[in-house]
A.B. asks: 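I have a structure I would like to understand better, so I am pasting it below and will then ask my questions one at a time.
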Amino acid sequence: MKSMHKKRKLDAVIFHVVACVIGFFMIYPMLWLLASSFKSNETMFTNTYSLIPEVFDAATNYMNAWEGVAGVSFLTFLGNTVFVTVLAMVGCVFISLLAAYAFTRIKFLGGKFWFSCVMVTLMIPSQVMVVPQYIILRRLNLVDTRIALVLPWFFGTAFFIFMLVQFFRGVPKELDEAAEIDGCGKIAILFKILVPVVKPAIMTASIFAFYWVWQDFFQPLIFMNTPSKFTLSLALNLFLDPNTYNNYGALFAMSLLSLLPALIIFIIFQRYLVEGIAMDGIKG
Amino acid sequence: MKKRMKKLASLLLASAMVFSLAACGSSGNDADGGSDSSDGKTTIKITWWGGDSRHEYTQALLDAYTAENPNVEFEATPAGWEGYFDKLSTQAASGSMPDIVQMDYLYIATYAKNGSLADLSEFIEDGTIDTTNVDDATLNTGLIDGKMAGIVAGTNALAVTYNPEVLEAAGVEAPTDDWTWDDYIALNTAVSESTGEESALTATIGPFGDMNFFNYYVRQHGETLFNEDGTALAFEDDSITADYFQMWADMASANVTPDPDEQSQIATLGIESLPVVTGEAGTTLEWNTYPNKVVASNPNLKLALMPGATENNAMWLKPGMFWSVSESSKVKEECAKFINWMINSEEANDIIMAERGVPISSEIRDYLKSKEDVDQTMIDMFDYVDKVTEIAGECPAADPGGIAEINKAFNDAGNSVMYGQATAEEAAASFRTQANEILERNNG
Amino acid sequence: MKNKVKEYKRRDNIAGYVMLAPWLFGFVLMYFLPMLISIYYSFTDYNLLNDAQVIGFDNYVRIFTNDDTFWQALKVTFIYTIFLVPLRLAFALIVAMLLNTKHRGLGLYRTIYYIPSIIGGSIAVSIVWQQIFGNKGVVMSLLSVLGINQEVSLLGNPKTALAVIILMGVWQFGSSMLIFLAALKQIPGSLYESAMVDGAKKPTIFFKITLPMLTPTIFFNLILQMVNGFRVFTESYVITDGGPLDSTLSYVLYLYRRAFTYFDMGYSCALAWILVIIIAVFTVVLFKTQNNWVYYESGGE
């Protein structure tokens with residue numbers, strides 16, 4: 001019994017040592033960003049990879065970051081980003097769920113064709129899509145509106161549909177067949193039976209969706225004109241011109257501030273990842 | 001069979017839509033530039049690239065103009081350098097360019113030749129844009145195919161920036177106006193030996209990253225880089241290119257100038273932290289605006305003429321950037337008035353403070369120099385332009401279409417010599433083949 | 001599948017399209033039409049500023065017969081994908097298994113491991129990577145301590161720069177890890193319990209239960225990472241900008257340059273569709289193999 005206990009302790013020590021070593025490599029750039037956001041502009045690159053600021057100037061940097069850029073405050077950018085991200089994420093996850101359900105559980109005419117369309121959208125580089133998208137958005141009078149940033153995500157994206165399809169296929173069909181016999185409709189089956197089972201996948205999808213929309217740069221760059229409607233990733237770009245004096249301190253402070261919400265969302269959502277769902281009871 | 005027909009029909013329908021969409025893209029009739037509204041107010045859409053401080057003062061500039069001219073309002077789109085032209089070309093594709101556009105010398109010809117930029121000659125002729133104090137050679141850099149595609153926002157000229165303290169510590173004399181490339185190499189070798197660091201920097205991009213450096217070198221030989229219609233290289237002697245490559249490669253292997261590897265490290269530092277500013281390097285090849293840009297980090301940097309600047313009128317005054325008006329704009333005259341104000345009014349230049357380059361109006365230059373609180377670096381910058389004006393030759397024609405691709409080919413060719421993958425002669429020949437192919441494809 | 005006659009129930013057709021409708025709407029508007037437009041562009045000489053001129057297959061012909069950079073970019077992208085996909089997946093799976101145990105502080109580790117994926121292509125990352133692998137960076141110092149003195153840094157050397165880019169891709173294993181974690185959580189605990197009761201050893205449990213149950217996710221991750229590998233852009237853009245000497249020039253970075261830097265949108269679209277075909281071929285092949293190794297609880301198709 002005692003040796004068992006000892007072994008478990010040793011296990012834990014090894015685990016934490018390995019996990020911490022990996023962790024250091026993962027977190028170093030984040031720490032560097034944090035440290036750099038405390039450095040004064042003049043000493044920013046004198047000892048670049050040191051994590052300890054020579055001249056501590058966090059107050060100026062964060063004040064500058066908070067004031068924002070181009071006369072628009074940080075909070076405005078944050079508000080825009082939250083608006084776009086939340087709307088896009090909710091739409092994306094919900095509509096992807098419906099589509100994934102249709103693809104896996106319903107046999108309908110053209111299903112395979114549309115699924116291959118999903119796969120093609122996964123493959124085409126977005127760089128050649130943005131000009132036609134811009135032309136269409138202009139036709140719809142949506143250029144320079146936040147809706148333009150929501151639209152490409154809101155109706156679901158290939159990644160999520162494909163991901164949820166894979167997870168649905170991992171769920172035994174007996175589950176929904178049993179429910180169907182009990183008289184459940186398709187919508188009820190999806191939300192009452194399948195969704196709880198693939199909850200970790202949905203949480204994962206939500207985390208990804210949030211982060212992707214949050215940091216998306218290229219589409220906002222092309223679609224938006226007015227600084228007061230800019231998202232954070234676009235605002236950060238406003239700091240940078242290789243041929244003029246750059247306010248790196250404020251840039252790094254703002255980068256860090258803009259990463260925090262994505263990190264917080266992750267910390268909140270990841271708790272749900274842990275909750276495994278027991279399918280045991282239902283599975284024959 | 002029926003199913004097939006249906007499929008075919010829907011496909012046809014879809015493609016019809018596509019074509020109508022794609023076609024509407026390039027026609028300019030649905031432009032959404034600025035407008036004259038019925039209450040007599042004019043809205044001007046304006047865009048520029050820059051960093052934090054440029055956005056701030058440009059917004060102040062617009063506000064000042066609106067205060068003076070209450071009938072004019074602005075819709076400003078500030079942007080970072082990255083993606084600025086991606087966005088502009090997308091807007092051009094759908095006929096929705098802003099009215100006033102900050103334009104770079106690299107791209108002005110491409111935009112002008114495709115009819116995206118308005119011809120401003122009429123506004124110069126009728127005096128809306130007053131150019132009496134502007135040097136003709138400078139003004140005409142905006143002239144493309146006989147049309148005035150942009151008004152120069154500020155000029156600059158190639159210059160050597162040096163750090164007097166570093167030179168002094170190494171015990172070398174500051175460069176004189178008649179120094180040569182040999183002097184340049186000797187000076188930097190001496191500094192490098194004393195500091196143990198590479199002394200001869202070339203901006204953040206290296207000696208091959210900006211065609212202007214090479215263009216200067218070609219002009220020193222009394223030759224021209226590109227032919228008139230931009231379809232081929234104009235100079236014929238590949239030994240010019242090879243000598244240029246070899247000169248830098250030799251300096252790199254003697255640790256007098258950074259190799260491409262070290263160069264990419266330097267590029268991440270940003271202009272204000274280059275070794276010449278921090279006192280690790282003696283000189284850098286840059287534009288004459290450089291010391292003034294980094295005055296906050298080091299106010300002591302000095303300008304010297306380029307090595308061999310007096311040979312063959314090799315120097316020229318280059319437009320730093322332009323103000324252009326889009327062809328699709330409906331308020332061209334108001335735009336012209338605003339551009340005139342930026343160029344000629346003391347009030348505007350009190351705000352701009354030569355941040356976009358040396359003002360093109362000689363009167364404004366004198367005015368700024370006479371101001372009390374002006375930095376020494378700014379006076380140096382202006383004096384340098386005066387000095388260059390005396391010895392300068394004609395400004396080379398606006399960069400031909402495909403310049404970005406040529407620049408890339410040149411950079412790769414030069415770096416391949418530095419990496420020892422090709423001899424200078426091979427690289428020079430390879431550059432010629434590539435450059436001519438690109439030029440022929442783009443402008444032929 | 002003995003009888004190939006397909007039967008679609010009318011009710012299922014309606015249900016299917018009702019549930020697909022929202023996606024279909026967005027798809028047609030934001031993806032399908034733009035795709036058709038870009039196909040059209042690929043047959044034109046179009047620089048975004050002029051009126052597109054239809055030139056037939058000229059762009060495609062030029063790509064295959066007169067463009068060395070195309071082949072270079074293709075080569076870089078293949079090497080990147082071939083190394084990245086297995087490395088990233090293996091690493092993600094190992095870490096996910098590690099985190100699927102009962103220890104303290106798992107949430108913290110999960111968060112930390114996901115951080116690289118969050119800060120992805122930001123300017124901070126590009127500076128840090130250049131500092132670490134650049135010529136005065138930590139890695140160079142380490143190498144010289146080990147007695148390996150190199151003239152150029154790993155990032156500045158055309159022979160090694162791509163390896164650094166691949167390493168960066170592996171470093172961002174966070175999203176694959178999360179997907180594996182989600183899948184591991186979905187494996188019914190009862191399976192393990194009964195195996196334990198039967199006295200199975202850990203490796204046996206892994207190969208007999210965990211791995212088969214994970215195959216749909218591995219398959220998904222495999223497809224996804226392959227597609228992402230072929231479409232790699234950010235890493236080579238922010239760290240090396242394709243250099244030195246095109247040694248890290250990814251395919252998408254090249255087509256991006258064609259479109260927006262070299263004003264060659266028609267050509268760029270042609271490049272894009274060639275890439276789609278390449279990826280599609282690999283995807284179809286992978287889909288065909290899945291019957292041999294992917295195990296679906298729902299009984300496949």
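All chains are named by letter (A, B, ...) in the order of the sequence lines, taking the proteins before the strands, and each is independently numbered beginning at 1. Everything quoted here is computed from the prediction, not taken from an experiment.
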A.B. asks: Which one of A:F154, A:W214, A:F159 has the most heavy-atom pairs closer than 4.5 Å to chain C?
C.D. replies: A:F159
A.B. asks: Check whether A:V130 gets within reach of chain C through its side chain, its backbone, both or neither, counting any heavy atom under 4.5 Å.
C.D. replies: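 Looking at A:V130, just its side chain touches chain C.
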A.B. asks: Keeping the roles fixed (side chain from C:R231, backbone from A:L122), state whether a donor-acceptor pair exists under 3.5 Å.
C.D. replies: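 Side chain of C:R231 to backbone of A:L122, a donor-acceptor pair under 3.5 Å: yes, one is there.
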A.B. asks: What part of A:L97 lies closer than 4.5 angstrom to a heavy atom of chain C: side chain, backbone, both or neither?
C.D. replies: neither
A.B. asks: Taking the six-membered ring for Trp, are C:Y113 and A:F25 ring centroids under 6.0 Å apart?
C.D. replies: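 No, the ring centres sit 6.0 Å or more apart.
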A.B. asks: Kindly write out the residues that satisfy side-chain contact (heavy atoms from CB on, under 4.5 Å) with A:V18, not counting sequence neighbours, or none if the list is empty.
C.D. replies: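 A:V18: side-chain contact (heavy atoms from CB on, under 4.5 Å) contacts with A:I14, A:I22, C:L98.
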A.B. asks: Relative to chain A, which segment of C:F230 carries a heavy atom at a distance below 4.5 Å: side chain, backbone, both, or neither?
C.D. replies: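 Neither the backbone nor the side chain of C:F230 comes within 4.5 Å of chain A.
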A.B. asks: If you measure from CE on A:M163 to CD1 on C:I223, what distance do you get to the nearest 0.5 Å?
C.D. replies: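 Reported to 0.5 Å precision, the distance equals 15.0 Å.
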A.B. asks: Please flag which part of C:T283 lies under 4.5 Å from any non-hydrogen atom of chain A: side chain, backbone, both or neither.
C.D. replies: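 C:T283 touches chain A through side-chain heavy atoms alone.
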A.B. asks: Which atoms of C:L184 are under 4.5 Å from chain A, going by heavy atoms: the side chain, the backbone, both sets, or neither?
C.D. replies: neither
A.B. asks: With a 4.5 Å cut-off on side-chain heavy atoms, are A:M30 and C:I115 touching?
C.D. replies: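 A side-chain contact exists here, since the closest heavy-atom pair is under 4.5 Å.
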A.B. asks: Could you state the interatomic distance from OG1 (A:T204) to CE (C:M177), rounded to the nearest 0.5 Å?
C.D. replies: 10.0 Å
A.B. asks: Using side-chain heavy atoms (C-beta onward) and a distance below 4.5 Å, is A:I106 in contact with C:M19?
C.D. replies: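 Yes; the side chains approach each other to less than 4.5 Å.
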A.B. asks: If we define contacts as heavy-atom pairs under 4.5 Å, which of A:V131, A:L251, A:L236, A:D11 has the most with chain C?
C.D. replies: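 If we count pairs closer than 4.5 Å to chain C, A:V131 comes out on top.
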A.B. asks: For C:T217 and A:F167, which heavy atoms make the closest approach, and how far apart are they?
C.D. replies: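 Here C:T217 and A:F167 meet closest at CG2-CZ, 4.4 Å.
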A.B. asks: So which of C:L271, C:N100, C:V284, C:I279 has the largest heavy-atom pair count under 4.5 angstrom toward chain A?
C.D. replies: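 Option with the top pair count is C:I279.
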A.B. asks: Using a cut-off of under 4.5 Å for heavy-atom pairs, which of C:G105, C:A183, C:A259 has the most such pairs with chain A?
C.D. replies: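 Max contact count across the listed options: C:A183.
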A.B. asks: Look only at the side chain of A:Q127 and the backbone of C:Y256, and say whether a donor-acceptor pair between them is shorter than 3.5 Å.
C.D. replies: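 It does not hold such a pair.
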A.B. asks: With a 4.5 angstrom heavy-atom cut-off, is it the side chain or the backbone of A:L256 that approaches chain C, or both, or neither?
C.D. replies: neither
A.B. asks: What part of C:V227 lies closer than 4.5 angstrom to a heavy atom of chain A: side chain, backbone, both or neither?
C.D. replies: side chain
A.B. asks: So, for A:G23 and C:I112, which heavy atoms are closest and what is the spacing to 0.1 Å?
C.D. replies: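 Closest pair (atom of A:G23, atom of C:I112, distance): O-CG2, 3.5 Å.
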A.B. asks: What's the shortest heavy-atom distance between A:Q133 and C:P34, and which atoms?
C.D. replies: CG-CG, 3.8 Å
A.B. asks: Can C:F27 and A:F155 be said to form a ring-ring contact (aromatic ring centres under 6.0 Å, His included), step by step?
C.D. replies: CA-CA 7 Å; C:F27 168 74; A:F155 295 99; over 10 Å; no
A.B. asks: With a 4.5 Å limit on heavy-atom distance, are the side chains of C:L20 and A:F115 in contact?
C.D. replies: no
A.B. asks: Using every non-hydrogen atom in the two residues, find where C:G16 and A:A102 come nearest and quote the distance to one decimal.
C.D. replies: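 So the two residues come closest at O-CB, 3.9 Å.
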A.B. asks: Give a yes or no answer on whether the side chain of A:R169 reaches the backbone of C:P216 with a donor-acceptor pair at less than 3.5 Å.
C.D. replies: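 No, because the side chain of A:R169 does not come within donor-acceptor range (under 3.5 Å) of the backbone of C:P216.
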A.B. asks: For residues A:K186 and C:V18, determine if any side-chain heavy atom of one lies less than 4.5 Å from a side-chain heavy atom of the other.
C.D. replies: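 No - every pair of side-chain heavy atoms lies 4.5 Å or more apart.
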A.B. asks: Counting only non-hydrogen atoms closer than 4.5 Å, does C:F233 touch chain A with its backbone (N, CA, C, O), its side chain (CB onward), both, or neither?
C.D. replies: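 Just its side chain gets close to chain A.
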A.B. asks: Can you tell if the side chain of C:W23 reaches within under 4.5 Å of the side chain of A:L98, non-hydrogen atoms only?
C.D. replies: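 Sidechains of A:L98 and C:W23: no contact.
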A.B. asks: So do the side chains of A:P132 and C:Y31 get within less than 4.5 Å of each other, counting heavy atoms only?
C.D. replies: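 A:P132 does not reach C:Y31 side chain to side chain.
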A.B. asks: Using a cut-off of 6.0 Å, state whether more than 12 heavy atoms not belonging to A:F218 lie near its atom CZ.
C.D. replies: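 Atom CZ in A:F218 is packed in, count exceeds 12.
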A.B. asks: If you tally heavy-atom pairs under 4.5 Å against chain C, which of A:A158, A:P125, A:G156 wins?
C.D. replies: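 The residue among A:A158, A:P125, A:G156 with the greatest pair count is A:P125.
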A.B. asks: Who among C:S268, C:S117, C:S42 has the most heavy-atom pairs with chain A under 4.5 Å?
C.D. replies: C:S117
A.B. asks: Just verifying a value: how many Å separate A:F266 CZ and C:I118 CD1, rounded to the nearest 0.5 Å?
C.D. replies: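 A:F266 CZ to C:I118 CD1: 6.5 Å, rounded to 0.5 Å.
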A.B. asks: For the pair C:Y109 (side chain) and A:A19 (backbone), establish whether a donor and an acceptor sit closer than 3.5 Å, ignoring hydrogens and angles.
C.D. replies: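 Checking the backbone N and O of A:A19 against the side chain of C:Y109, no donor-acceptor pair under 3.5 Å is found.
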A.B. asks: Which region of C:I14, side chain (C-beta onward) or backbone (N, CA, C, O), has a non-hydrogen atom less than 4.5 Å from a non-hydrogen atom of chain A, or is it both or neither?
C.D. replies: neither
A.B. asks: Hey, are the side chains of C:F287 and A:M119 touching, using non-hydrogen atoms and a 4.5 Å cut-off?
C.D. replies: yes
A.B. asks: Would you check if the side chain of C:N13 reaches a backbone N or O of A:L109 as a donor-acceptor pair within less than 3.5 Å?
C.D. replies: yes
A.B. asks: Can you confirm whether C:M30 sits close enough to A:L137 that some side-chain heavy atom of one is under 4.5 Å from a side-chain heavy atom of the other?
C.D. replies: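 Yes - at least one pair of side-chain heavy atoms lies under 4.5 Å apart.
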A.B. asks: Using 0.5 Å steps for rounding, measure from the CG atom of C:N228 to the CE atom of A:M123.
C.D. replies: 11.5 Å
A.B. asks: Taking all non-hydrogen atoms of both residues, which atom of A:M26 and which atom of C:F91 are closest, and how far apart?
C.D. replies: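 Closest approach of A:M26 to C:F91, heavy atoms only: CE-CE2, 4.5 Å.
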